[in-house]
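Sequence positions, counted from 1, serve as the residue numbers for this chain.
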Amino acid sequence: MGNCPLNCSFVVANPPDRAKDDSSVGAKNGQLSRAGSLTVLRRTNSKSKLPSTSSSRTSSIAESDSYASVDLGTDKLPPIDTPEASHVCSIRLRNILRRIQNGEVSKEDLHKNLEYAASVLESVYIDETSSVETPTSFPKSPPERLTDEDDELSEVEPDAVPTEVRDWLALTFTRSMSNVRRRGLEKPKFRSVAHAIRAGIMVDRIYRRLSSSATLHIPPAVLQLLKGMDDWSFDVFSLNSAADGHSLKYVGYELLQKYDLVTKYKINSSMLDSFLLQLEVGYSKYKNPYHNLVHGADVAQTVHYILSQSKLAHWLTDLEVFATIIAALIHDYEHTGTTNNFHIQTGSEFAVLYNDKAVLENHHICASFRIMRSEEANILNHLSREEYREFRALVIEMVMATDMSFHFQQLKNMKNLLGMPENIDKQKALSLVLHCADISHPAKDWNLHRRWTSQLLEEFFKQGDREQELGLAISPLCDREKTLVAESQIGFIDFIVDPSFAVMTEMLEKILTPLQKAARSEDAISEEVFDKTDKSKYILSTPWSDCLADNKNKWKVQAAKDAEERKQKEAEELSKETSNTNNNTTKPIAPPGGPTPAVSCSAGKGGN
């Protein structure tokens, strides 16, 4: 986390969700009262201190206010080092925001005003920190990083789930069928400087976004939807529709920009564009209903939510965040729409190549790194040899862990780590995060979950059709006529998703509690980062809990309805069979030598 008292990585990654008191920015100065501490004192605006300039200053501000609200030029704005500059700058920026919404701002005007705003903020920050008593109290080294922010089925009672659901769970998920209190003035307060830094970062991000979006030609509707990337139940389907089928490209670009990785690793924009487009082509190769580019975009966004909203990103280096995002983007690249078991049973080329072990996962990794080694899509060309090795090792570990047959062993290993005092291995932690994101749709809003379920089952049914054509036994949940949809989802939630998210939640709390305590002990602005009521323990927000409970209840209602319909259908078929039997026994028997009566299909099944 570094020793910077401002803890810059926290400020960047997590702009406050609620409005703060920005009036202090540009209206305070600060001084270091002791090593590593910044005391912020209010600058007085008393008339008694400025008797000769009070009226002229007021007139100047009023004039500037009017100009700031009408014209977008910067020549009439006050000098950047004057007290009124901050006030006028805020008016001008709010005016620009309104005009941007109406599409009334030219890039030239926006550039000039953002340059002015950035200069004002730099001046405010310099003013805040210029009267330090011990300038060497700041750490010499920069902060680490700047970011946006045994099978358990054996214990299940045989009657707990239908046989088909139990078989599917066994086949798929195993490898065998068998805030800090306000302090007095003597304590450090960082609000003014924090706001200045945060505002400066936001201004820089807006300008960077403008420049980059001009390169990638991001449609306005897509930009609007990308604002919801920090939501748990992000509607990736709506994004894909607005993006004309390019949701993976825009989500990938947005995340790499959000964590400032494009700048950090000097990723060429054309190479990045080529890389993301080739990923989309690969995800679309087999025209899968479920394992397609929309799923890739959804998993990447879900991983981002966990990294940012839990503050897990502060535990990671830039390279680890980079690898995590790329692993999420590529984790199902060129998925064939069939399971590993299907590849093994049919002896496919992939199964032969990878010796029947994690067949698809091996291919996702291999094919994706081939893209990243190509000249036109080499987004890793500025990594050092050591960085590349670390990056590749982490990506491989994470994607391999998405093999569902490792599910129970992965949870068991993490539970063992949680019971030990040692730190949790980063590769294992990030692998669990990606695995949970990969199976997260039952933990999203019902409308999203229901749609994902429908598409996944259609993919299963297509595999079942192929298995039937090949004379193979139809895999569990792949039979169009016999699959119990509601029951399968209840079993999936109860035995797979809910336990996985429970372990991940416990893991995140163990990792992040020490970070919160360290932030408090270093007098960082932890009240803005860990805004929690219980300061003794980090408490994670878990929106997935309510979604899982709600979705499970809906499936229970559907299961009861389906069971009633099956019961009614069986009764109707039984009644029909009984009726046909009665009709057959009451038909007159033709006398010998007489004409043979017409025979119904059902009556003729037994032969003569």
Side-chain angles (χ1 to χ4, degrees), residues 100-103 148 209-210 212-258 269 272-306 308-309 325-326 328-337 364 368 437-462 485 489 543-544 547 550-551 554:
I100 287 177
Q101 293 176 347
N102 299 325
D148 270 37
R209 171 71 57 76
L210 179 73
S212 61
S213 62
T215 303
L216 288 181
H217 304 288
I218 302 178
V222 174
L223 282 173
Q224 183 65 30
L225 290 171
L226 287 173
K227 294 179 180 179
M229 288 275 286
D230 294 338
D231 297 337
W232 172 245
S233 290
F234 175 69
D235 190 349
V236 70
F237 295 109
S238 295
L239 175 67
N240 195 60
S241 178
D244 195 24
H246 291 290
S247 55
L248 183 71
K249 169 185 173 180
Y250 292 124
V251 166
Y253 181 78
E254 173 71 9
L255 292 181
L256 293 173
Q257 284 284 12
K258 209 173 189 67
S269 60
L272 178 57
D273 190 48
S274 176
F275 169 70
L276 294 173
L277 285 174
Q278 288 189 57
L279 280 187
E280 290 191 329
V281 171
Y283 269 99
S284 305
K285 184 175 182 178
Y286 297 96
K287 299 179 174 58
N288 304 322
Y290 180 84
H291 288 101
N292 51 37
L293 66 88
V294 186
H295 170 68
D298 181 59
V299 171
Q301 184 275 330
T302 303
V303 165
H304 155 68
Y305 179 93
I306 298 170
S308 62
Q309 300 306 309
I325 292 173
I326 295 301
L329 290 170
I330 73 169
H331 84 282
D332 272 333
Y333 175 70
E334 288 192 346
H335 196 291
T336 59
H364 303 325
S368 298
D438 195 17
I439 60 174
S440 65
H441 71 82
K444 301 294 183 70
D445 283 349
W446 171 252
N447 291 336
L448 297 174
H449 169 47
R450 185 64 184 265
R451 185 166 178 177
W452 281 122
T453 300
S454 175
Q455 295 184 192
L456 179 57
L457 287 171
E458 180 56 31
E459 190 167 299
F460 282 174
F461 296 157
K462 285 188 173 184
V485 177
Q489 292 308 303
W544 47 80
C547 290
D550 182 55
N551 292 339
K554 284 184 168 66

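At a threshold of 4.5 Å between non-hydrogen side-chain atoms, the residues Gln257 and Leu272 do not count as touching. Proximity of Gln455 to Asn288: side-chain heavy atoms (C-beta onward) are nowhere separated by under 4.5 Å. A 4.5 Å side-chain heavy-atom check between Leu276 and Leu248 finds every atom pair outside the cut-off.
For the atom pair Ile325 CD1 and Gln301 CD, the distance stands at 11.5 Å (nearest 0.5 Å). Between the CD1 atom in Ile330 and the NE2 atom in His364 there is a gap of 9.5 Å [rounded to 0.5 Å]. If you take OG on Ser308 and CE on Met229, they are separated by 9.0 Å, rounding to the nearest 0.5 Å. Atom CG of Leu239 is separated from atom CG of Leu225 by 6.0 Å, given to the nearest 0.5 angstrom. A distance of 9.5 Å separates CG in Asn292 from OH in Tyr283, rounded to the nearest 0.5 Å. Arg451 contributes atom CZ, which lies 13.0 Å from atom OH of Tyr290 (distance to the nearest 0.5 angstrom).
Nearest approach of Gly282 to Tyr333, heavy atoms of both residues: CA-CE1, 3.3 Å. The two residues Asp230 and Gln309 make their nearest non-hydrogen contact at CB-NE2, 3.7 Å. Taking both residues in full, the closest heavy atoms of Asn551 and Ala443 are given as ND2-N, 4.4 Å, listed atom of the first, atom of the second, then distance. Closest approach of Phe234 and Gly228 over heavy atoms only: CD1-O, 3.2 Å.
Tyr250 and Glu254 share no side-chain donor-acceptor pair at under 3.5 Å. Judged purely by distance below 3.5 Å, without hydrogens or angles, the side chains of Ser454 and Glu458 never pair a donor atom with an acceptor atom.
Residues passing the ring pair (Phe, Tyr, Trp, His ring centres under 6.0 Å) test with Phe461: none are found, sequence neighbours excluded. Among residues two or more places apart in sequence or in another chain, the side-chain hydrogen bond (donor to acceptor under 3.5 Å, both in side chains) test is passed with Lys287 by none. Partners of Asp445 according to the side-chain contact (heavy atoms from CB on, under 4.5 Å) rule, which considers only residues two or more places apart in sequence or in another chain, are Ser233, Cys547. Thr336 meets the side-chain contact (heavy atoms from CB on, under 4.5 Å) test with Tyr286, Thr338, His343, Phe350, Leu360; sequence neighbours excluded. Looking at residues two or more places apart in sequence or on another chain, you find a side-chain contact (heavy atoms from CB on, under 4.5 Å) between Ala300 and Val251, Leu255, Ala328, Leu329. With sequence neighbours excluded, the residues satisfying ring pair (Phe, Tyr, Trp, His ring centres under 6.0 Å) with His291 are His295, His335. Under the rule for a side-chain hydrogen bond (donor to acceptor under 3.5 Å, both in side chains), the partners of Asp550 that lie at least two apart in sequence or sit in another chain are Lys554. For Val485, the side-chain contact (heavy atoms from CB on, under 4.5 Å) criterion is met by Thr453, Leu457, Thr483, Trp555, not counting sequence neighbours. By the salt bridge (Lys or Arg N to Asp or Glu O under 4.0 Å) test, Asp298 is found to be paired with Lys444, residues two or more places apart in sequence or in another chain being considered.
Aromatic ring orientation, Trp452 versus His441: tilted (interplanar angle from 30° to 60°).
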Next on the checklist: Please determine whether side-chain contact (heavy atoms from CB on, under 4.5 Å) holds for the pair Ile326 and Phe275, giving the CA-CA distance in whole Å, both sets of side-chain angles, and the decisive distance to 0.1 Å.
Outcome noted: CA-CA 11 Å; Ile326 295 301; Phe275 169 70; 4.1 Å; yes

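Ser440 places a side-chain N or O within 3.5 Å of a backbone atom of Ala437 that can act as its donor or acceptor partner.
Listed by first and then second residue, the salt bridge (charged side-chain N to carboxylate O under 4.0 Å, His left out) pairs involving residues 235-251 are Lys249-Asp273 (not counting sequence neighbours).
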